[in-house]
Amino acid sequence: MYKIGVMPGDGTGPEVITEALKVLEVASELANFKYELVHYDFGGDRYLATGEILPDSAIEEFRQLDVILLGAIGHPDVKPGILEKGILLRTRFELDQYINLRPVKLYPGVYTPIKDKGPEDIDFVVVRENTEGLYVGAGGFLKKGTPDEVAVQESINTRKGAERCIRYAYNYTRERNKDKKLTLCGKTNVLTYAFDLWERAFYDVAKEYPDIKPDYAHVDAICMWFVKNPEWFDVVVTDNMFGDIITDLGAMIQGGMGIAAGGNINPEGVSMFEPIGGSAPKYAGMNIINPLAAISAAQLMLEHLGQKEVAKRIEAAVMKVTSEKLKSLAAGQMGYSTSEVGDMVAEFVMKV
Ligand code: IPM
Ligand code: MN
């Protein structure tokens, strides 16, 4: 019996989560597991109505769950940063979800802006550190609002934090069993403290994994190569900020935000899975947004829970929908409504 927290959030979040739950229900019947959903309505509407963002009591409740499925956070009437920091980042930090796992895989039938590259070329995974770096909020202002103003934003990198992320990435590369190659994405030529620590940790841990080939690339070069030679990559490990940036690039080459999903993982605790696109408020309530990223987030969630077989079926069903059904992944251009896409995936999960 899994206890699954569901936080649909803002904008189109609730619509895509409805489709993900549809697929989850079919999966549970097929794989014969039981689950209980615990619904949370945190997000922009609740904040505007009550002033509440994410109370401490909710964090305590989250600790009792097995996993969380998140829709999207971000509301046009709320100043950017409040909900993102107060809900998404706070949950990542409080639950110590130190891995942000983001597969970049081009499914058949999906348009990639990269000419001459296909599904056989674009299939890698980014392991992003998720609790440190520039995201910790260390720093401050001096003489704010004056001509002498100073702003400092510090990147915090601990040996323990880098090492546990790197070790997770080595393990993941071994289990993935593709090219057995792990690339550290850094900036050792300029960030000579932060990435010196990362680099030493990376090659120290490498000694425990003689079957995995350690590889290094600067973040700017990675941006080139994700576009020019995506087939070079198997698993990429990097810090929080670089991981944020390169996974948006990754999402684009796999077909965009309509398909990109990720997991905020605490391997020893409570993890949270999400479509990585935003809340797309302009499409809210129209039944035209693509739910595949949310469905893929549910797939990653089931994989994490150990339901590997049914997770594979969900992925196969999503691929069948992209290759045989959808005209495009873009909202309003799929040739089907949000709920129809969810219905097709649910149906294919049973048949594939
Ligand atoms: C992401 C998002 C978040 C991040 C924002 C919304 C805080 O861009 O999940 O990548 O920067 O981590
Ligand atoms: Mn991002």
Side-chain angles (χ1 to χ4, degrees), residues 96-106 114 117 120-135 155-251 253-254 260 262-268 271 300 303-304:
D96 202 21
Q97 293 164 339
Y98 61 87
I99 300 298
N100 195 324
L101 189 71
R102 297 191 162 178
V104 177
K105 185 167 175 179
L106 179 65
I114 304 187
K117 298 289 177 190
E120 61 290 352
D121 303 304
I122 300 175
D123 180 9
F124 60 90
V125 177
V126 177
V127 176
R128 163 186 174 188
E129 202 291 322
N130 213 29
T131 54
E132 296 196 345
L134 282 167
Y135 276 70
S155 174
I156 305 293
N157 297 266
T158 68
R159 172 74 193 212
K160 179 185 151 199
E163 194 172 315
R164 67 182 180 174
C165 176
I166 286 166
R167 187 164 272 113
Y168 180 94
Y170 274 106
N171 277 324
Y172 190 89
T173 310
R174 181 178 274 170
E175 269 171 45
R176 179 170 149 89
N177 199 18
K178 194 181 169 236
D179 303 332
K180 300 254 186 146
K181 174 176 163 188
L182 177 62
T183 305
L184 172 65
C185 164
K187 189 72 187 172
T188 52
N189 53 349
V190 175
L191 305 182
T192 49
Y193 309 127
F195 281 100
D196 186 82
L197 181 154
W198 272 83
E199 192 180 36
R200 278 181 285 116
F202 184 70
Y203 288 106
D204 284 349
V205 177
K207 293 175 200 143
E208 298 166 33
Y209 296 86
D211 53 323
I212 307 298
K213 193 166 141 259
D215 172 48
Y216 174 82
H218 294 320
V219 62
D220 46 349
I222 281 250
C223 290
M224 264 176 8
W225 289 326
F226 273 12
V227 172
K228 190 170 172 286
N229 298 99
E231 69 280 1
W232 285 355
F233 298 97
D234 179 6
V235 182
V236 177
V237 64
T238 191
D239 84 341
N240 209 342
M241 187 77 256
F242 290 167
D244 178 48
I245 298 166
I246 67 170
T247 55
D248 266 27
L249 180 54
I253 70 172
Q254 76 179 119
N264 301 278
I265 296 174
N266 176 340
E268 298 89 34
S271 301
L300 292 173
E303 221 170 272
H304 174 79

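The aromatic rings of Phe124 and Phe226 lie tilted to each other, with the angle between the two planes from 30° to 60°.
Using modelled atom types, no side-chain atom of Glu163 and backbone atom of Ile166 make a donor-acceptor pair closer than 3.5 Å. At least one donor-acceptor pair closer than 3.5 Å links the side chain of Lys181 to the backbone N or O of Trp232. Using modelled atom types, one side-chain atom of Asn266 and one backbone atom of Glu268 make a donor-acceptor pair closer than 3.5 Å. Side-chain atoms of Tyr168 never come within 3.5 Å of backbone atoms of Glu129 as a donor-acceptor pair (strictly under, hydrogens ignored). At least one donor-acceptor pair under 3.5 Å links the side chain of Lys178 to the backbone N or O of Asp123. For the pair Glu132 (side chain) and Thr158 (backbone), a donor-acceptor distance under 3.5 Å is present.
Closest non-hydrogen pair, Leu184 versus Glu199, comes out as CD2-CA, 3.9 Å. Ile253 and Ile122 make their closest contact through O-CD1, 3.6 Å (heavy atoms, listed as atom of the first residue, atom of the second, distance). For the residue pair Ala194 and Asn157, the shortest heavy atom distance occurs at CB-ND2, 3.5 Å. Counting all heavy atoms, side chain and backbone alike, Pro214 lies closest to Tyr203 at CB-CE2, 3.8 Å. Scanning all heavy atoms of the two residues, the minimum distance from Cys223 to Ile246 falls at SG-CG2, 4.2 Å. Heavy-atom minimum distance, Tyr170 versus Phe202: OH-O, 3.0 Å.
A salt bridge links Arg176 with Asp234: the distance from a Lys NZ or Arg NE/NH1/NH2 to an Asp or Glu carboxylate oxygen falls below 4.0 Å. For the pair Arg159 and Asp204, the salt-bridge criterion is met [side-chain N within less than 4.0 Å of a carboxylate O].
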Side chain to side chain contact (heavy atoms under 4.5 Å, CB included) evaluation trace for Asp220 with Lys187: CA-CA 8 Å; Asp220 46 349; Lys187 189 72 187 172; 3.0 Å; yes
Determine, stepwise, if the pair Val125 / Arg102 fulfils side chain to side chain contact (heavy atoms under 4.5 Å, CB included). CA-CA 6 Å; Val125 177; Arg102 297 191 162 178; over 6 Å; no
Passes side chain to side chain contact (heavy atoms under 4.5 Å, CB included), Val227 versus Leu249? Steps please. CA-CA 8 Å; Val227 172; Leu249 180 54; 4.0 Å; yes
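Between Pro230 and Lys117 there is a side-chain heavy-atom pair separated by less than 4.5 Å. The closest side-chain heavy-atom distance from Thr183 to Ile222 is below 4.5 Å. No side-chain heavy atom of Ser271 sits less than 4.5 Å from a side-chain heavy atom of Asn264. Considering only heavy atoms from C-beta on, Ile265 stays 4.5 Å or farther from Gln97 through its side chain. Residues Leu101 and Val127 meet the side-chain proximity criterion, which asks for heavy atoms closer than 4.5 Å. The shortest side-chain heavy-atom distance between Cys185 and Trp198 does not fall under the 4.5 Å cut-off. Between Phe242 and Val126 there is no side-chain heavy-atom pair separated by less than 4.5 Å. Looking at heavy atoms from C-beta onward, Val236 lies out of side-chain contact with Leu182 at the 4.5 angstrom threshold.
Considering CD1 of Ile114 and CD of Gln254, their distance stands at 11.0 Å, rounded to 0.5 Å. Leu197 contributes atom CG, which lies 12.0 Å from atom OG1 of Thr192 (distance to the nearest 0.5 angstrom). Atom-to-atom distance recorded for Asp179:CG and Glu231:CD is 10.5 Å, nearest 0.5 angstrom.
No side-chain donor from either of Asn130 and Tyr135 sits under 3.5 Å from a side-chain acceptor of the other. Counting only N and O atoms by type, the side chains of Thr188 and Tyr216 include a donor and acceptor under 3.5 Å apart. Side chain to side chain, Tyr209 and Asn171 meet the donor-acceptor criterion of an N or O pair below 3.5 Å.
Few gaps surround NZ on Lys180; more than 12 heavy atoms of other groups in view lie less than 6.0 Å from it.
When each of Asn240, Asp239, Thr238 is tested with Arg128 by the rule side-chain hydrogen bond (donor to acceptor under 3.5 Å, both in side chains), just one qualifies, namely Asn240.
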